[in-house]
Amino acid sequence: DLTVGARISRASTDLVHSNTDLSDTFVSPKAILSWRPTDQTLFYGTVAQGFRQGLANSDLQTAVDSGRLLPAGLVPGLDAFLAEFGDIAETDGDSVTTFEVGVKTEFWDGRINLTSALYYMEWEDNLIEGSTTPPHTGAPIAVNFNGDQAHSQGIEMELTALLTDRLTFTFGGDINDEAQLDDLNSGPIILDSGIIMEGN
């Protein structure tokens, strides 16, 4: 069996007291291919995509606007700050594509059920939260920015056994890789973990 579909989403956000208007259109496709060799066993493969809308860096925009009002060279490091952060008042949205293959089967006249899946996720334009300190204010502010790519993979399994009419045994587990960043498209920003990441 083959099932295909897509969701088209239009997201718009207007920020009060700001000229920022975030508008995004996303197409999220999904396809499922399944095969049932017996009445008790199902194999399947799924490809799907999800998204998040972009974010506005309101505090960063305020710092950039106030910094541009100051004479060039007045504050050490200000020119570099404006060059680095002047164009990321808004971030793009990010998306995740998931590839999954799995099996669902049962034994012993349906008294034992086994479900297992292996998946891989590809994360594009990942939204990352960090902070930076404008040189003319001296106070840290939150910054959201787009990284490049990240990926994660894992496997999960669940076994359920009906031992008696009144006793059920369930065992489940998963092994997951944390998302691994492949690259960053930002300049020096302190991430929430406190690690300083350099761009590119």
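For the salt bridge (charged side-chain N to carboxylate O under 4.0 Å, His left out) condition, the pairs that include at least one residue of residues 44-63, sequence neighbours left out, are Arg52-Asp94. For residues 40-63, the pairs satisfying ring-ring contact (aromatic ring centres under 6.0 Å, His included) are Phe26-Phe51, Trp35-Phe43, with sequence neighbours left out.
Atom NE2 of His151 sits about 5.5 Å away from atom OH of Tyr120, to the nearest 0.5 Å. In this structure, CG in Asn146 is found 5.0 Å from CG in Asp92, a value given to the nearest 0.5 Å.
The closest side-chain heavy-atom distance from Asn57 to Thr91 is below 4.5 Å. Counting heavy atoms from C-beta outward, Leu159 and Ile112 have side chains that approach closer than 4.5 Å. Within the 4.5 Å cutoff, the side chain of Arg68 has heavy atoms near those of the Leu82 side chain. At a threshold of 4.5 Å between non-hydrogen side-chain atoms, the residues His136 and Ser66 count as touching. Side chains of Thr132 and Ile141 form a contact here, defined as non-hydrogen atoms less than 4.5 Å apart. Looking at Ile155 and Asp174, their side chains never come closer than 4.5 Å, going by heavy atoms from C-beta outward.
Cluster annotation: Met121 and Leu118 are assigned to distinct hydrophobic clusters (Ile/Leu/Val/Met/Phe/Trp/Tyr, side-chain heavy-atom contacts under 4.5 Å, transitive). Note: the hydrophobic cluster containing Phe81 also contains Val143 (ILVMFWY, side chain heavy atoms under 4.5 Å, direct or indirect links).
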I'd like a table of donor-acceptor pairs (distance under 3.5 Å, sequence neighbours excluded) in which one partner is a side-chain atom from residues 2-10, with atom names and distances.
| from | atom 1 | to | atom 2 | distance (Å) |
| --- | --- | --- | --- | --- |
| Arg10 | NH1 | Thr25 | OG1 | 2.8 |

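When all heavy atoms of Arg36 and Asp39 are compared, the closest pair comes out as NH1-O, 3.5 Å. Heavy atoms only, all atoms of each residue included: Pro134 and Ala139 are closest at CD-O, 3.3 Å. Contact between Val64 and Phe85 at its shortest, heavy atoms only, is CG2-O, 3.8 Å. Across all their heavy atoms, Pro135 and Pro76 have their closest contact at CB-O, 3.5 Å.
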Review point. Does the side chain to side chain contact (heavy atoms under 4.5 Å, CB included) test come out yes or no for Leu33 and Asp1, once each step is laid out?
Key: CA-CA 6 Å; Leu33 180 64; Asp1 294 323; over 6 Å; no
Exercise for review: Kindly determine whether Thr97 and Glu122 satisfy side chain to side chain donor-acceptor pair (under 3.5 Å), including the steps that lead there.
Suggested key: CA-CA 5 Å; Thr97 303; Glu122 190 71 34; over 6 Å; no
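The aromatic rings of Phe171 and Phe169 sit parallel, their planes meeting at an angle under 30°, below the 60° perpendicular limit.
A donor-acceptor contact shorter than 3.5 Å links the side chain of Thr62 to the backbone of Ser58. At distances below 3.5 Å, not a single donor-acceptor pair connects side-chain atoms of Ser95 with backbone N or O atoms of Gln49.
Residue-environment remark: CD1 (Ile175) stays at or below the threshold of 12 foreign heavy atoms within 6.0 Å.
Among Thr115, Thr38, Thr41, Asn113, the one residue that satisfies the side chain to side chain donor-acceptor pair (under 3.5 Å) test with Thr105 is Thr41.
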